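Numbered from 1 within each chain, the chains take letters A, B, ... in sequence-line order. These figures come from a predicted structure and were not determined experimentally. No hydrogens, no waters, no symmetry mates; every other heavy atom, side chains included, goes into these values.
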2 protein chains.
Amino acid sequence: MEGSGRESGNALLFLTDEQLRKGIEAMFFAYRGFTADPDRILADMAYGRAHHRAVHFIHRSPGTTVNNLLAILGVTKQSLNRVLRALVEDGLVRSEVGKRDKRERHLHLTEAGEALERQLSDAQRDRMRAAYRAAGPEAVTGFRQVLEAMMDDEMRKRYDALKDLKG
Amino acid sequence: MEGSGRESGNALLFLTDEQLRKGIEAMFFAYRGFTADPDRILADMAYGRAHHRAVHFIHRSPGTTVNNLLAILGVTKQSLNRVLRALVEDGLVRSEVGKRDKRERHLHLTEAGEALERQLSDAQRDRMRAAYRAAGPEAVTGFRQVLEAMMDDEMRKRYDALKDLKG
DNA sequence: TTGGAATGTCAACAAAGCTGACGTATTATG
DNA sequence: CATAATACGTCAGCTTTGTTGACATTCCAA
């Protein structure tokens with residue numbers, strides 16, 4: 001932008017409003033791409049993005065409780081319950097009463113659930129892989145740094161907690 | 001997965017399924033942060049994220065037509081119309097008949113509309129700025145590269161078209 | 001034994017997307 | 001000039017995914 005003249009010559013050119021706006025728009029358009037492939041797959045079934053998220057995080061943390069999942073997804077239990085009920089009824093998710101605390105329900109994917117998870121995350125990973133490959137390893141590091149800095153503290157906690165599981 | 005050993009030792013460590021999964025989760029949690037501040041502001045009004053997007057892109061491309069906005073946002077005209085009608089009724093957006101082609105409506109923000117846009121994008125930019133500052137200029141370059149590589153071709157066209165306006 | 005936590009469920013509602021159908025200007029085209 | 005296509009608006013109805021509020025059940029722990 002010609003308006004970069006306002007900041008040109010100093011080392012903070014990447015913090016101009018123009019640069020920030022571009023980042024905002026990049027985020028908007030990229031997120032659409034990010035969800036596009038799973039959305040296409042899910043459209044054929046009776047499922048939506050909410051089911052994808054549940055399946056993803058149950059796969060990620062097998063045996064997680066409903067409450068834990070609630071916190072990660074940031075929705076109400078009523079909203080999640082509707083999704084989980086459908087997944088359990090359709091035999092994609094297994095909900096078993098906790099052994100130590102029988103009030104808790106521990107969630108696992110069934111074989112069918114794992115198959116759906118694989119189908120969805122394969123599609124999403126393919127795009128991510130292509131983007132990573134196109135941008136290169138240094139760009140990927142930067143990408144992750146900015147995203148992590150963009151999270152709320154609460155979300156970063158969830159994100160880090162997940163990272164510690166297997167990462 | 002412990003299987004990161006599968007790729008360890010070569011230069012493509014950033015393309016392991018683990019790395020990709022982390023990227024996917026980072027994207028998920030970061031997008032929540034990305035929208036959190038405007039959402040909080042909008043919650044007090046009778047508006048939602050859809051109104052924010054409309055206001056953003058009208059501000060970005062003053063005089064844009066309904067059809068153009070439709071293509072950028074990727075929603076149906078019925079869906080956008082509901083949003084635009086509210087914004088026009090509330091005096092935030094001005095819709096004027098085209099001079100060359102009288103079928104078209106050219107959209108502009110009113111003073112009040114600009115004020116709202118500023119309020120929303122200030123909040124969003126503050127977070128983006130903090131993230132950029134924390135991550136540094138090189139990370140920002142990588143961030144943008146990965147995001148752009150993640151877009152659909154169609155979206156990248158829209159994104160680039162916007163970039164050309166003032167960029 | 002009693003209070004609170006975890007869970008499930010019912011009802012009602014809202015935001016924001018969708019399809020399909022139709023109307024009305026206006027412009028483009030054969 | 002007649003007709004087709006375009007741009008826009010609108011009505012009706014539906015879906016997904018979120019929200020509150022209320023209430024029941026189960027069960028751990030003090």
So which heavy atom on B/Arg127 is nearest to which on A/Met151, and how close? NH1-C, 3.8 Å
What closest approach, in Å, do A/Ala86 and A/His51 show between heavy atoms, and which atom pair accounts for it?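 Heavy atoms only, the tightest pair is CB-NE2, 4.3 Å.
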If I take atom [atom1] in residue [X] and atom [atom2] in nucleotide [N], what distance separates them, rounded to the nearest angstrom?
X        : N      : atom1 : atom2 : answer
A/Asp39  : C/dG17 : CG    : C1'   : 12 Å
B/Leu107 : D/dC8  : CG    : P     : 8 Å
B/Leu70  : D/dG9  : CG    : C1'   : 12 Å
A/Asn68  : C/dT7  : CG    : P     : 9 Å
B/Arg40  : D/dG18 : CZ    : P     : 18 Å
A/Asn81  : D/dT16 : CG    : C1'   : 16 Å
A/His106 : D/dC27 : NE2   : C1'   : 13 Å
A/Tyr47  : D/dT15 : OH    : P     : 17 Å

Once you measure the plane-to-plane angle for A/Phe14 and B/Tyr132, does it fall in the parallel (<30°), tilted (30-60°) or perpendicular (>60°) bin?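 Ring orientation of A/Phe14 relative to B/Tyr132: parallel.
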Check if the side chain of [X] and the base of [N] share a donor-acceptor pair of N or O atoms closer than 3.5 Å.
X        : N      : result
B/Arg85  : D/dG9  : no
A/Gln78  : D/dG21 : yes
B/Arg103 : C/dA25 : no
A/Arg105 : C/dG8  : no

Which nucleotide, [options], lies nearest any side-chain atom of [X]?
X        : options                : answer
B/Lys77  : C/dT7, D/dT17, D/dC8   : D/dC8
A/Arg53  : D/dT17, C/dC18, C/dA16 : D/dT17
B/Lys102 : C/dA16, C/dT27, C/dA6  : C/dT27

Mapping A/Ala46 and B/Arg82 to their closest nucleotides on DNA chain D, which lands nearer the 5' end? B/Arg82
If each of A/Arg100 and A/Val83 is mapped to the nucleotide of DNA chain D with the nearest heavy atom, which maps nearer the 5' terminus, i.e. the 5' end? A/Val83
Greater than 12 external heavy atoms within 6.0 Å of B/Glu138's CD: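 Open: at most 12 neighbouring heavy atoms sit under 6.0 Å from CD of B/Glu138.
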5′-ward residue of the pair B/Asp101/A/Thr65 relative to DNA chain C: A/Thr65
Quick check: do B/Met150 and A/Phe143 have side-chain heavy atoms less than 4.5 Å from each other?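 In short, these two side chains touch, coming nearer than 4.5 Å.
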